[in-house]
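Sharing a structure, written as structure tokens. Questions coming.
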2 protein chains.
Amino acid sequence: MSRFRWTDAQDVGHRILRGNPDEAVTAPVTRPAIRTGERADRIARRRVDKFEERRRELGDAALQTLSELGYARTSLREIAQNSGFSHGVLHYYFHDKVDLITYCVRRYKAVCVQRYDDVVTTAGTAVQLAAEFAGAMATTLVDDAVLHRLWYDLRSQSLFEESFRADVAEIDASLERMISRVVSRYAELTGTPPVCGTTLAYAMFDGMFQQSLLRQLSGDPAAPADLRAGVVDMLAIVTGRAHP
Amino acid sequence: MSRFRWTDAQDVGHRILRGNPDEAVTAPVTRPAIRTGERADRIARRRVDKFEERRRELGDAALQTLSELGYARTSLREIAQNSGFSHGVLHYYFHDKVDLITYCVRRYKAVCVQRYDDVVTTAGTAVQLAAEFAGAMATTLVDDAVLHRLWYDLRSQSLFEESFRADVAEIDASLERMISRVVSRYAELTGTPPVCGTTLAYAMFDGMFQQSLLRQLSGDPAAPADLRAGVVDMLAIVTGRAHP
DNA sequence: AAGGATTTTGGACGAGTGTCAAGATTTCGT
DNA sequence: ACGAAATCTTGACACTCGTCCAAAATCCTT
């Protein structure tokens, strides 16, 4: 019975159990228990892999749909259509809509930090670091505009929907660490320590990026260049090296 | 015929004409045209006032509902319920849902700038100005949290829904001017000119406020105090007076 | 190749949505 | 106080939504 794969342990991190756990224990006795256990383990692992793979696939389809339409206008049917499957399959791989969206937020983080990891430069001088970091920011502003738009949408949703808050906070923290690394390295290279804490620094960069995104999506052609200049300025300001 | 009060001129700023404009011109000829015209004008003005008054009333109800539930979860019936009227009346006073939301965004601006106008202080010293401004920020963070939450929600929506963009941009500009006034005055009092443009300064304050709001709504009791301190720091940073 | 488990489909469901129109009610100039 | 115009209610409409389920299709072990 029951294609219901969801345990009550979903709050412990979306642990997935195939079928009824009791059944696995009550395996057929026609073979030595040890060998059967090994085989069952191998098979189970393969199945879990396939299961996770499809989850990722559907999650990516959802991510694409969300970034196109925004949270308020995205329906499960639309997501399914973007995935090539029928709408019913979503409830086979995800508990419900909140489960799917939460999974997407987590997945977004993976995509996001990966992109930003490329930004962690190996620049030798402060000027070089500033230029590379600003360039990466401007590039992602253009290339991943719809993804960033989704991020700000979901972060706003988390102000209303408590279920999202933990994941959103985690992503925010990870972005803050990224900014912190850049600022620290920059300060190290210039020899002038930062004039504010990492939280404040992140808030400043985030606010600037958000403003740039609004302009970029509104079709302002100067948005990327202005962001690039803004980032350079901001690095100087944050290390107290700015001149009026 | 036709309770349809909407002209095609709604894009010129929601100009409202009562009934069919042609009918007004074809007024009864049993009286001198001039007297009839004056009287009609007086009556029309009164009616328009009443109409506008109810619009404001419904708009406020919508604003309250939106700030409670967020854009994605707010329905016209819920708004009507919060207003004490039936759901049908909304289409008597507003063209459609977008019209209503747009009206709300504009109305939010009125509420918002009014609150911030109180913030425009008459402080005599830089320290006093910083303290008062920071205090006002911290206060509104607590008192108007749900309203600010709505603002960030709607600003995110404007990234998807183009209809909102113009109004959102206008509010953003007005907030930027507010920040600009404070920073300019502060710089004037300290004698140290700002180290960045008003756009960058606004982005920084906005980012900080947004981060504080997230923490405030998550129940972090230190959020207001941290914002207060952050604002003071930020004023110093922005005028290049910060020390590591 | 068979047969059981897994995966996928597509339809049904009830609730909720925005919109509209016809009728009841109220307002207000005469 | 009358009657027309303005205002408000009510119910209906055509959708869309998330969710669930039985059956079909597919996979995979034996």
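What you see below is based on every heavy atom in this structure, not just the backbone, and it leaves out hydrogens, waters and symmetry mates.
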Please state how far atom CZ in A:F94 lies from atom P in C:dT7, giving the value in whole angstrom units.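 So the two atoms are 14 Å apart, to the nearest Å.
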Whole-Å distance, A:I79 CD1 to D:dT16 P, equals 17 Å
Which atoms form the tightest heavy-atom contact between A:L154 and A:I101, and what is the distance?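 Distance-wise, the nearest heavy atoms are CD2-CG2, 4.3 Å.
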Candidate nucleotides D:dT7, C:dT9, D:dT19, ranked by approach to the side chain of A:D96 - the nearest: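 The listed nucleotide nearest to A:D96's side chain is D:dT19.
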Side chain of B:S86: nearest nucleotide among C:dT9, D:dT7, D:dT10? D:dT10
Rounded to the nearest angstrom, tell me the gap between atom CZ in B:F85 and atom C1' in C:dT26.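 Taking CZ of B:F85 and C1' of C:dT26, I get 12 Å after rounding.
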Would you confirm whether B:D167, through its side chain, and B:T102, through its main-chain N or O, come within 3.5 Å as a donor-acceptor pair? no
On a plain distance test, is the side chain of B:R77 in donor-acceptor contact with the base of C:dG18 below 3.5 Å?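 Under the 3.5 Å cut-off, the side chain and the base do form a donor-acceptor pair.
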Expressed as a whole number of angstroms, how long is the span from B:K97:NZ to D:dC15:P?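 Whole-Å distance recorded here is 19 Å.
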When A:G84 and B:S75 are each assigned the nearest nucleotide of DNA chain C, the 5'-most assignment goes to A:G84
Whole angstrom value for the distance that separates P of D:dT10 from CD of B:Q81: 12 Å
B:K97 NZ/CZ over B:Y71 ring centroid, <6.0 Å and within 45° of normal: yes
A:R73 vs A:G88, nearer the 5' end of DNA chain D by closest nucleotide: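 Comparing both residues, the 5'-ward one is A:R73.
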Between B:K50 and C:dC28, is there a contact of a side-chain N or O with OP1 or OP2 at under 4.0 Å? yes
Send over the distance from A:L90 CG to D:dT19 P, rounded to a whole Å. 10 Å
Without decimals, in angstroms, what is the distance between B:Y93 OH and C:dT19 P?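 Roughly 18 Å, once rounded to whole Å.
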When you measure from the side-chain N and O atoms of A:H91 to the phosphate of D:dC20, is any distance below 4.0 Å, counting only OP1 and OP2? no
Atom CD of B:E52 and atom C1' of D:dT7: how far apart are they, to the nearest Å? 16 Å
For A:D172, which of A:K109, A:R155, A:R177 qualifies under salt bridge (Lys or Arg N to Asp or Glu O under 4.0 Å)? A:R155
Polar contact flag, side-chain donor to acceptor under 3.5 angstrom, B:E176-B:T199: yes
